[in-house]
Amino acid sequence: MRTVDACGLISAYALQRVFFHDGPGDLQVGIAADVSGCEIFVPEAGVELSTPTYRISLTDWPTAEQWPEVTGGERTSREGGGWLVVGPPSDAQEVFGYTARGFGYRVLALKPAPGDLDVRRERAIMSMLLQEASRGSLPTIPWTGGNLLSRDICAAAKTAGLAQTLGLTDPKSRPVVAASPDARACAEKATGSNDSRFQVSAGLVGGLDTGGGAEAETIAGHAAVQKQDGPICRVTIEFPGDQALETRFTEGGARTTALTVIAQRPCAEVVAAAGPLVEELDRAA
């Protein structure tokens, strides 16, 4: 899952025709901040091309308990070698698709048209994903060995003892579990609760912004920023980029490779705890 190229499954030319887009400029497709996903930009007259119109993200295959709900709903259909699930009428701008290969995608309209409940464009995007994912080998991103975005972040967090260095130990074990199918995002999992005291993820950001009370920092030789917001601290740590992404960016999109650690701790403690994790990730680079 860390190598699948979602953008490689999308044809901007085909979508341009499906959307009947004849406005200013060409429809653009570019890699999303979470890297496993993809963003679609539909230009509008007089509007800067900075916010995507649709976002595609990787999603987990339903569990055995969830599967009857997925396949048995009125808004489900078999399409393109997979299953397409349209959200309920109250939230129709969200579409899920599950491939026969054991993973799925979510298409979300970020700029939905008023009254657009038939999700024609969302279905067109998802149908393309399902059809292309069912044919031959999947397109992949040729990551540089050891690059941050090719790593299992959850495994690295466990090896570095992130929970222990954050002082989050208690009598009952709270494992670190993947929060995304590609294991680029993970969080503490408390028994019987959806709340987590820390999260860590790898992806793309728009840069290391020191505005809004954020402070510059250096962690294990990497440039970083930290920001305390009440009991929550967010630390963003810059890592070298990868040439494999250079042709996949869209104008104005996030392109700084970064590790983000969010925890219910003072920033001084989070910065200190992030050090061993950064060193662990550097060791495999």
Side-chain angles (χ1 to χ4, degrees), residues 1-9 31-38 56-63 98-99 101-106 133 137-166 168-169 173-191 194 196-205 219-222 224 234-245 248 254-263 270-285:
M1 289 297 93
R2 283 187 289 278
T3 64
V4 175
D5 181 6
C7 290
L9 296 171
I31 198 159
D34 69 2
V35 189
S36 289
C38 193
I56 300 164
S57 56
L58 198 64
T59 188
D60 285 311
W61 180 266
T63 64
Y98 300 101
T99 75
R101 292 173 181 254
F103 65 92
Y105 284 107
R106 171 183 182 239
S137 59
L138 290 167
T140 58
I141 299 174
W143 298 111
T144 300
N147 176 274
L148 176 70
L149 299 177
S150 68
R151 300 294 307 280
D152 182 329
I153 302 301
C154 302
K158 293 172 188 175
T159 300
L162 182 61
Q164 289 75 19
T165 54
L166 280 170
L168 299 178
T169 54
S173 174
R174 297 189 177 193
V176 178
V177 297
S180 64
D182 56 17
R184 284 199 190 98
C186 49
E188 173 196 54
K189 177 66 175 178
T191 303
N194 290 326
S196 58
R197 293 175 294 182
F198 74 87
Q199 303 167 37
V200 59
S201 61
L204 300 173
V205 298
I219 299 176
H222 290 246
R234 173 187 290 267
V235 176
T236 304
I237 306 147
E238 184 177 17
F239 274 74
D242 197 306
Q243 290 185 345
L245 291 181
R248 291 171 168 81
R255 56 192 306 156
T256 301
T257 303
L259 180 75
T260 300
V261 181
I262 302 171
V270 179
V271 168
L277 175 56
V278 172
E279 292 170 355
E280 169 62 23
L281 291 166
D282 278 342
R283 266 193 289 275

Self-check item: Inter-residue atom distance Cys7.SG - Leu245.CG, 0.5 Å rounding
Solution: 10.0 Å

Quiz item: Do you know the tightest heavy-atom contact between Ala273 and Leu162?
Solution: O-CD1, 3.7 Å

Practice problem: Supply the atom-to-atom distance Trp143 CH2 to Asp242 CG, rounded to the nearest 0.5 angstrom. | Solution: 6.0 Å

Practice problem: State the CD1-OG1 distance between Ile237 and Thr257, to the nearest 0.5 angstrom. | Solution: 13.0 Å

Quiz item: Given side chains that start at C-beta, do those of Leu148 and Ile153 come closer than 4.5 Å, heavy atoms only?
Solution: yes

Quiz prompt | Minimal non-hydrogen separation, Ala244 against Pro142, with atom names | solution = CB-O, 3.5 Å

Quiz item: Taking the six-membered ring for Trp, are Phe239 and His222 parallel (under 30°), tilted (30 to 60°) or perpendicular (over 60°)?
Solution: tilted

Quiz prompt | Main-chain N/O of Ser150 paired to Arg2 side chain as donor or acceptor, under 3.5 Å | solution = yes

Quiz prompt | Reported CG-to-CG distance for the pair Leu149 and Leu259, which is rounded to 0.5 angstrom | solution = 10.0 Å

Quiz item: For Ala224 and Ile219, which heavy atoms make the closest approach, and how far apart are they?
Solution: CB-CD1, 3.9 Å

Quiz item: Regarding Asp182 and Ser180, is there a side-chain donor-to-acceptor distance under 3.5 Å anywhere?
Solution: yes

Exercise. Quick one: closest heavy-atom pair of Asn147 and Gly241, and the distance?
Key: ND2-O, 3.8 Å

Quiz item: Got Ile31 and Ile141 here, is their nearest side-chain heavy-atom distance under 4.5 Å?
Solution: yes

Practice problem: Assess whether side-chain contact (heavy atoms from CB on, under 4.5 Å) is satisfied between Val200 and Val176, documenting all intermediate values. | Solution: CA-CA 10 Å; Val200 59; Val176 178; 5.6 Å; no

Quiz item: Just by distance, do the side chain of Glu280 and the backbone of Ala156 share a donor-acceptor pair under 3.5 Å?
Solution: no

Quiz item: How far does CZ of Arg151 sit from CZ of Arg184, to the nearest 0.5 angstrom?
Solution: 12.0 Å

Quiz prompt | Distance in Å, Tyr105 OH paired with Thr59 OG1, rounded so as to fall on 0.5 Å steps | solution = 11.0 Å

Quiz item: Of all heavy-atom pairs between Ala254 and Leu204, which one has the smallest distance, and what is that distance?
Solution: O-CD1, 3.6 Å

Quiz prompt | Derivation and outcome, side-chain contact (heavy atoms from CB on, under 4.5 Å), residues Glu238 and Thr256 | solution = CA-CA 7 Å; Glu238 184 177 17; Thr256 301; 3.8 Å; yes

Quiz prompt | Cys186 and Cys154 SG atoms less than 2.5 angstrom apart | solution = no

Quiz item: Are any side-chain N or O atoms of Arg234 and backbone N or O atoms of Thr260, one a donor and one an acceptor, separated by less than 3.5 Å?
Solution: no

Quiz item: Nearest heavy-atom pair of Ala133 and Leu9: which atoms, and what distance?
Solution: N-CD2, 4.0 Å

Exercise. Starting from the C-alpha separation in whole Å, work towards a yes-or-no answer on side-chain contact (heavy atoms from CB on, under 4.5 Å) for Leu138 and Arg101.
Key: CA-CA 10 Å; Leu138 290 167; Arg101 292 173 181 254; 3.7 Å; yes

